[in-house]
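Counting convention: from 1, in listed order, for ligands and their atoms alike.
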Amino acid sequence: MATKWVLPLILSLFIAALSLAAAAKPVLPPVFILGDSTADIGTNNYLPGSTARADFPHNGIDFPNSPRATGRFSNGLNSADFLARHFGYKRSPRPFLSLSATSLQKKKFRGINFASGGSGLFDLTGQSLNNQKNVVPLTEQIQQFSSVKNSLTALMGAAATKKFLSKSLIFISIGSNDLFRYYHSNSSTPKEKFLSSLLFAYENHLKNLYNLGARKFGIISVAPIGCCPSQRIFNATGGCLEELNDHAVAFHSKLDSLLCKLSTDYEGFKYSLGNSYEMTMNVIQNPLPFNFTQVEAACCGAGKLNAESYCTPNANLCSNRDQYLFWDVFHPSQAASKLAAVTLYYGGPEYVSPINFAQLAEA
Ligand SMILES: *[C@@H]1O[C@H](CO)[C@@H](O)[C@H](O)[C@H]1NC(C)=O
Ligand SMILES: *[C@@H]1O[C@H](CO)[C@@H](O)[C@H](O)[C@H]1NC(C)=O
Ligand SMILES: *[C@@H]1O[C@H](CO)[C@@H](O)[C@H](O)[C@H]1NC(C)=O
């Protein structure tokens, strides 16, 4: 007989505990993520003709709880996930393309991930030569953000939407693919001219987001992409491609000036700029304190530096994956992504400025 009472009692205690937990929980800032494969968590799975995808093994072999190739270019989670974790979430919010028309109205809406592997600041970056849609360029990611704004406005009104978006964190990680494309096309456009037009494109994207109501920008610049395994194999010594790294440094410096200008010209524009170049170089030059033992070769791939093939089901797979900086020929390992997110969140001005991502949330 006693058991009759036990279950309801446990249930009501459980519900009381849940509501206490809910009461104690701080309100999490909504998170919107835009960018390329460094932040893509499965967008390109929804583009049937896309070749820029990772929804097959060995990708996802260390995905939490059970191996699963989600479309992340990683052995597990990526930087978008680890950043979201710092703000109280389990992982990145879902891809925009996975949402149904009614998703926004369900439960508590807490953000969206728009990032698409292979995409760039320029619309042409990452597009294939045939008619198949290969990537979602940043321009289109911002149009999707705009459609989300419209849905939110229909749902809660203009004033509440404005407030919601002004508290939201907008993370953007993009630029590498534009630099790769420029470098490998042997373009006759001088470097200065190319970078100016690239930063002009970035400026327009940021202004568009600002005009839609975005205010808090967490921006991640370009890593030393000349040190990716895919680029090292173009150097006879296996060293980094210096010219490509120089482009990344110049890109960061111009982006720094641009953001500084926008924050003075546009009221309420707040930002934090992560210096991926410095962060990553610091690890490459001194890997052991970070527990990395391999910072040149890819964990998953084939041939020289495991860099002569993509990470396919037949590729070689390393076993000590947390000791590798690179998962595949282009992308950081889960361990490296976790370290990057910690640095963006807590880092000092040598890595993230003028404030870090934790301070941006409070700003
Ligand atoms: C660029 O130049 C390099 C070396 O001269 C060459 O191997 C490569 O095929 C060229 N790329 C294109 C897209 O023309
Ligand atoms: C190749 O790497 C070496 C270091 O090992 C570096 O000195 C050299 O400049 C690199 N070459 C190119 C083309 O970037
Ligand atoms: C490196 O590994 C050691 C031993 O597993 C651990 O105590 C330490 O926290 C790790 N360091 C970093 C930076 O992850």
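Ring centroid separation for the pair F357 and H86 does not come in under the 6.0 Å cut-off. Residues F145 and F96 place their aromatic rings such that the two centres sit no closer than 6.0 Å.
When each atom of ligand 1 is checked for a heavy atom of H184 under 4.0 Å away, the hits are 11 (N), 12 (C), 13 (C).
Sorted by first and then second residue, the ring-ring contact (aromatic ring centres under 6.0 Å, His included) pairs with a member in residues 215-245 read H184-F234, F217-F269; sequence neighbours excluded.
At under 3.5 Å, a nitrogen or oxygen of N186, whether backbone or side chain, sits near a nitrogen or oxygen of ligand 1.
Among protein residues, N235, T237, G239, C240, L241, E242 come within 4.0 Å of ligand 2, judged on heavy atoms.
Although no hydrogens or angles enter the test, the distance criterion places no donor-acceptor pair under 3.5 Å between the side chain of S146 and the main chain of I142. Side chain of S98 to main chain of T43: no donor-acceptor pair is present (N/O by atom type, distance under 3.5 Å, no hydrogens or angles).
Cysteine sulfur proximity is not satisfied for C300 and C318, their SG distance being 2.5 angstrom or more.
Checked by atom type, the side-chain pair D123/T139 shows a donor-acceptor distance below 3.5 Å.
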